[in-house]
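Below, chains carry the letters A, B, ... as their sequence lines are ordered, and counting in each starts from 1.
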Protein chains: 2
Amino acid sequence: MPAPTSAPADPHRHDAKPRRRVGRPAAAVLDQDGITAAALQLIGKSGYDGFTMAALARTLNVAPSALYNHVSSKRDVLVLVQDHLTSFVDVSNFEAEPWDQAVRSWAWSYRDVFSKHTPLIPVIAVLPVTDAPKTLAMYEAVSAGFSRAGFPQGLIVSAIVALESFIFGSAYDVTAPADIFDSGSMADSTPNFTAAVKQQDLEGYDKPADVAFNLGLEAMIARFGTLRG
Amino acid sequence: MPAPTSAPADPHRHDAKPRRRVGRPAAAVLDQDGITAAALQLIGKSGYDGFTMAALARTLNVAPSALYNHVSSKRDVLVLVQDHLTSFVDVSNFEAEPWDQAVRSWAWSYRDVFSKHTPLIPVIAVLPVTDAPKTLAMYEAVSAGFSRAGFPQGLIVSAIVALESFIFGSAYDVTAPADIFDSGSMADSTPNFTAAVKQQDLEGYDKPADVAFNLGLEAMIARFGTLRG
DNA sequence: ATCGTAAATGAACGGCATTCATTTAGTGGT
DNA sequence: ACCACTAAATGAATGCCGTTCATTTACGAT
């Protein structure tokens, strides 16, 4: 039976709250840039776990299905975010500084940007550059720098890819827990490794991920430098 | 109305098929090794997209919920698979061959194994070694090799991490589409990059991913070799 | 004026990992 | 020999999630 105070059911009655607007709005409230910005903000606040199409729609005050008028999938949104983030990577030094300095600042900033966005790495790694204009612009700036520095034309892409692979792998490394190499109760059966880990802990001023990144990056810079004509 | 030939509903009647067995089986049909093997086989057949707990259970002739008596999550299964795969990585050369040769064969086999399993990389990269005994065994073999080769104790872990980061990043690279760098209609605005890609295509006998991996790996081997005491 | 279309809604769908009450059959203790 | 305990299965249910679709509406062009 109905609650005593409730009015009888009437499908046509007016609610206290006005009906939510439906249909074409006065001006479009959504576009790809707005979606990208909202996505980036949501990811910053809730991480990639909390980043769902429903949550994204909520921050935009819109129904989830409305998003699909502007993007074709969640992956699409991730691509937009990825491309936007790439514009934060520092390529400025390829214009003024010497080649090795430029590579260094490029690589460090690239790693730093994506170490906070490792879930994008599987997306980037297989994404055609056509779908990511800002990323393409980065490649242009970097390869122009390599070219100007006298790098053999046929090796430029390979060298960039090698550096990029190292950068992506190292971005994961940044997010690893500090005690990831603690062998715990199995220390007895792994004496060499356990000793190496202990020694590293003793010597390390900097964060282990930074030491490893520096080591690999300098190796590549040194060796690739000898390839310049 | 019921179909003419159907018997009246009777909750106690015996079906033609015997009731599915419920409750404790004569002998346990599941264990972690069996789950790991089945998971690996399923991934091989259906890829990581087709790899669901329901599908895994189906291949084992078991209800999905039964899996949770032996693993605590899907991630758990992925960890088991990851650890198993690591035993396919070749560390044998650290015992007989010179250091640089050993690193080479280790790195190539490591990359080859996980290039077919890139969805595991985010799992490995942050996984405490305690949870992956075979992975820990690999680290022991590798760090023993570095130690025997006269590598300074405090740098061994950093060097391995740098190599590993490069390996993981390069594993993604293997899976990238061949025309990933085709700049298409934007070629005009990226002359340097477009030229570099074209030149690479002309010169390349080997697969681009292999050229890049070789380039980076040899850079690291050469540089790290100079650190040995 | 009218017509087409862009852009919103909300209901529905299928799939996913995971949880839970329940059932059963071995195991170990008395 | 009996009983209590527990390991290991079932299947129903839960709560998300990404995505689709019919429907509604208002702007802009003809």
Where do N or O atoms of nucleotides 4-8 of chain D meet protein N or O atoms at under 3.5 Å, pair by pair?
| residue | atom | partner | partner atom | Å |
| --- | --- | --- | --- | --- |
| D/dA7 | O4' | B/Arg24 | NH2 | 3.2 |
| D/dA7 | N3 | B/Arg24 | NE | 3.4 |

Show the distances under 3.5 angstrom between N or O atoms of the protein and N or O atoms of nucleotides 18-22 of chain C.
| residue | atom | partner | partner atom | Å |
| --- | --- | --- | --- | --- |
| C/dT18 | OP2 | B/Tyr68 | OH | 2.7 |
| C/dT18 | OP2 | B/Lys74 | N | 2.7 |
| C/dT18 | O5' | B/Tyr68 | OH | 3.4 |

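If you take CZ of A/Arg21 and P of C/dG10, they are 11 Å apart, rounded to a whole angstrom. Rounded to whole angstrom, the span from the OH atom of A/Tyr48 across to the P atom of D/dC17 amounts to 17 Å. At whole-Å resolution of the value, CG in A/Leu56 and C1' in D/dC16 are 16 Å apart. When rounded to the nearest whole Å, the span between CZ of B/Arg58 and C1' of C/dC16 equals 12 Å.
In this structure, the separation between NE2 on B/His117 and CG on B/Leu85 is 4.5 Å, given to the nearest 0.5 Å.
B/Trp108 and B/Phe213 have perpendicular rings, their planes meeting at more than 60° on a 0 to 90° scale where under 30° would count as parallel. Ring orientation note: the planes of B/Phe94 and B/Phe146 are tilted relative to one another, at an angle of 30° to 60°. Using the six-membered ring where Trp is involved, B/Phe168 and B/Phe114 have ring planes that are perpendicular, over 60° apart on the 30 and 60° scheme.
Ion pairing between a basic and an acidic side chain is recognised when a charged N comes within 4.0 Å of a carboxylate O; A/Lys198 and A/Asp182 show no such pairing. Taking a cutoff of 4.0 Å between a charged side-chain nitrogen and a carboxylate oxygen, B/Arg104 and B/Asp90 do not qualify as a salt bridge.
A/Thr52 is linked by a side-chain contact (heavy atoms from CB on, under 4.5 Å) to A/Ala54, A/Ala55, counting only residues two or more places apart in sequence or in another chain.
Candidate nucleotides D/dC17, D/dG11, C/dG10 were compared by shortest atom distance to the side chain of A/Thr52, and D/dC17 ranks first.
Contact detail for A/Met186 and B/Thr130: the closest heavy-atom pair is SD-O, 4.1 Å.
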